[in-house]
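Quick note on labels: first sequence line is chain A, next is B, and so on, each numbered from 1. Because the structure is a prediction, the values reported are computed rather than measured.
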Amino acid sequence: MSQKVNTAKGTRDYLPVEVRKREYIFKAISEAFQRYGYESIETPSFELSGTLLGKYGEEGDRLIFRILNSGEKLNKADLEALQNGQLGKFANSLSEKALRYDLTVPFARFVAQHQNELTFPFKRYQIQPVWRADRPQHGRYQEFYQCDGDVVGSDSLRNEVELLQIIQQVLQGLKLPGFTIKLNNRKVLAGIAQVCGVEQELSALLVTLDKFDKIEKQGVKDELTLKGFSSQVLDKIEPLFQLQGDFEERVLQMRVFLSGNELGLKGLEELSYVHSKLKDFLPEREIIEFDVTLARGLNYYTGIIIEVKAHSVQMGSICAGGRYDDLTALFGLKGLSGVGISFGADRIYDVLNTLNLFPESLNMGPEILFLHFSEKHVDQCDIWAKYLRERRKKVEVYPSAVKLQKQLKYANDRGIKWVVFYGDEEAAKQQLILKDMITGDQRTYNADSWLTDWLG
RNA sequence: GAGGUUGUAGCUCAGUAGGUUAGAGCGUCGGAUUGUGGUUCCGAAGGUCGCGGGUUCGAAACCCGUCUCCCUCCCCA
């Protein structure tokens, strides 16, 4: 290699062994969704800027990759805006398309656009890459795959329950030893703000509250003080840091905190309902946790908020989601409530890799390789190979008659278990040798009957 | 978007008071073994020292810029 080459920042290549592992994850997720009747859809990699901009909060727009206009359209560049330092306006004049930032907003657009072609409640899953102009860090990429499942057109909490079951099944299916599903509810958070009389500063309060697990109580208080919250408010929220016990016990404590606040109590009721239903389904409900400080979630969430973290590995959340009552309204379709979750496939990959949880079988290549002695004998090998492939075996015939040492090394490197020796010596005796590359054992078979003998 | 850090062979890394021809291990390739791999032994190939500029008689090393890596914010899968 004479020139230094690299993938772009925050992106990476996937070698065959990595693709096998990724497909293992995708398969676990898509099969789980399918078992619950979700249909797969796809949307374009990029959308009109207007579809995406403004949907993810003020910070969100900054992280959206913009696609530069090409050709004559560049003449539309608003140089005046540039002169005046209006960078946002200038950027908009240069770009009218953007790479999707997540799968939820494009899905909302999709539902609004195809409302007459869909049957509601509509359940879909979608596995595609998304792009964020974020600064790469451990477990954070600029291109990564999300695996979303959403239900729109039903406000039943049974959908939440179903999605949580799916999460549990996927993660259990992937043999993840431990994980915590944290739940909260936007209504509870709104209730907290109302009780404290800071409804106007709701999002400022939530952003800080959400950092509780990281910066702890004092850190939260310091930051809130810095943001101008009064000491009365700080005193008022004190009980939020003192919650103890299991899910229901915490709900009870919050009932006291939110007593008289209709919205907040409604949120608690929802949480309680979801938790009680899960009890019937999930064998290990202790992994379900009520976390009042969980505020994370995009600003379109209105109900339940979900976040999942893996145990015994330091990594951000591997799955997140929530209910959004009005997302499609932004695209002209009102009165349609949705709830969804999003698995972070790349993070799940990193977790499974770190904990060495991928099955050993993923390292295996084709099952059997026919060594190539000469064109004369390889024709017979092709016939056998065809027979085996028709029986769903992964089979290779080495392409040329290079020295055996090289062919065996090839088999070894590829993780091929069986190799077949069929050269002059074997052909003369109407035999072949089958060698087990793992144990090193080899056995002679009759060339006419080995297939049935070996296949059993 | 703000701050910090890193970059030498395919990989992991040595290499500074600036000084001939930039090294090792692993991997790769060839041979020992022209019909037996994963072990061993011998040998070989492989580097614009991230990129661009500057300081200097002389830069992998010092300075500036840029890109990348990793980290802290921000935000999030």
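Counting distance only, with no hydrogens placed and no angle test, the side-chain atoms of A:Q442 and the base atoms of B:rG37 include no donor-acceptor pair under 3.5 Å. A donor-acceptor contact under 3.5 angstrom links the side-chain atoms of A:R62 to the base of B:rC74. Evaluation of atom-type donor-acceptor distances gives no pair under 3.5 Å for the side chain of A:R414 against the base of B:rG37. No hydrogens or angles were tested; on distance alone, nothing pairs the side chain of A:Q407 with the base of B:rU36 as donor and acceptor under 3.5 Å. A donor and an acceptor atom sit less than 3.5 Å apart, one in the side chain of A:R140 and one in the base of B:rC75.
For the residue pair A:Y410 / A:E396, a side-chain donor-acceptor distance below 3.5 Å is found, with atom types taken as modelled. In the model, A:D102 has no side-chain atom that pairs as donor or acceptor with a side-chain atom of A:S342 under 3.5 Å.
Within the 4.0 angstrom heavy-atom criterion, no nucleotide atom of any strand lies near A:L371. Using a 4.0 Å heavy-atom cutoff across all strands shown, A:G423 reaches at least one base atom of the nucleic acid. A:F343 comes within 4.0 angstrom of nothing in the nucleic acid, heavy atoms only. Contact annotation for A:E143: no contact, since no heavy-atom pair falls under 4.0 Å across all strands. Using a 4.0 Å heavy-atom distance criterion, A:Y410 is classed as making no nucleic acid contact. Using a 4.0 Å heavy-atom distance criterion, A:G139 is classed as a base contact. Residue contacts shown for A:Y145 are absent, as no nucleic acid heavy atom lies under 4.0 Å away. Residue A:D346 is out of contact with every strand shown, counting any heavy-atom pair closer than 4.0 Å.
We find that CE of A:M315 is positioned 18 Å from P of B:rC76, with the value rounded to whole Å. Between the P atom of B:rG35 and the NE2 atom of A:H377 lies a distance of 12 Å, rounded to the nearest Å. Atom pair A:Q137:CD and B:rC75:C1' shows a separation of 10 Å (rounding to whole Å applied).
The shortest distance between the side-chain N/O atoms of A:K406 and the OP1/OP2 oxygens of B:rG30 is below 4.0 Å. Phosphate proximity of B:rG35 to A:Q405: absent, as no side-chain N or O sits under 4.0 Å from OP1 or OP2. In terms of phosphate contacts, A:K435 brings no side-chain nitrogen or oxygen within less than 4.0 Å of OP1 or OP2 of B:rG35. Dashed line: the shortest gap from a side-chain N or O of A:K403 to OP1 or OP2 of B:rU36 is not under 4.0 Å.
When the C1' atom is compared between B:rA22 and B:rU8, the two are found 8 Å apart, to the nearest whole Å. The separation of B:rU16 from B:rC62, taken at their P atoms, amounts to 11 Å, rounded to a whole angstrom. Separating the P atom of B:rG65 from that of B:rA2 is a span of 14 Å, rounded to the nearest Å. A gap of 45 Å separates the P atoms of B:rA77 and B:rU39, to the nearest Å. Nucleotides B:rU33 and B:rC42 have their C1' atoms positioned 13 Å apart, rounded to a whole Å. Distance noted for atom P between B:rG23 and B:rA60: 14 Å (whole Å). With both ends at atom C1', the span from B:rG46 to B:rC26 equals 14 Å, rounded to whole Å. For the C1' atom pair drawn from B:rU28 and B:rU12, the interatomic distance equals 16 Å after rounding to whole Å.
With distances taken from any side-chain atom of A:L408 to the nucleotides B:rC69, B:rU36, B:rU28, the minimum falls on B:rU36. The side chain of A:P136 lies closest to B:rC70, out of B:rC70, B:rC74, B:rC76. Of the candidate nucleotides B:rG37, B:rG35, B:rC76, B:rC76 has the atom nearest to the side chain of A:R132. Among the nucleotides B:rC76, B:rG38, B:rG35, the one closest to any side-chain atom of A:L404 is B:rG35. In this structure, the nucleotide among B:rA77, B:rG3, B:rC74 sitting nearest to the side chain of A:R135 is B:rG3.
Pairing for B:rU21 is absent, with no Watson-Crick or G-U wobble pair whose two atom distances lie under 3.5 Å. Pairing partner, B:rC70: B:rG4, with both Watson-Crick or wobble hydrogen-bond distances short of 3.5 Å. Look at B:rC49: it lacks any Watson-Crick or wobble partner with both distances under 3.5 angstrom.
Relative orientation of the A:Y125 and A:F33 rings is parallel, given thresholds of 30° and 60° on the angle between their planes. In this structure, A:F247 and A:H275 have parallel ring planes: the angle between them is below the 30° cut-off, well short of the 60° mark. Between A:F358 and A:Y349, the two ring planes are tilted [angle within 30° to 60°].
Few gaps surround NZ on A:K227; more than 12 heavy atoms of other groups in view lie less than 6.0 Å from it.
Each of A:G10 and A:L63 lies near RNA chain B, and the nucleotide nearest A:G10 is the one positioned closer to the 5' end.
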>> Working note: A:I237 + A:F241, criterion side chain to side chain contact (heavy atoms under 4.5 Å, CB included); need CA distance, chi angles, decisive distance, verdict.
In response: CA-CA 8 Å; A:I237 63 169; A:F241 307 120; 4.0 Å; yes
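Ion pair A:R323/A:E160 flagged as a salt bridge, since at least one NZ, NE, NH1 or NH2 atom sits closer than 4.0 Å to an Asp/Glu carboxylate oxygen.
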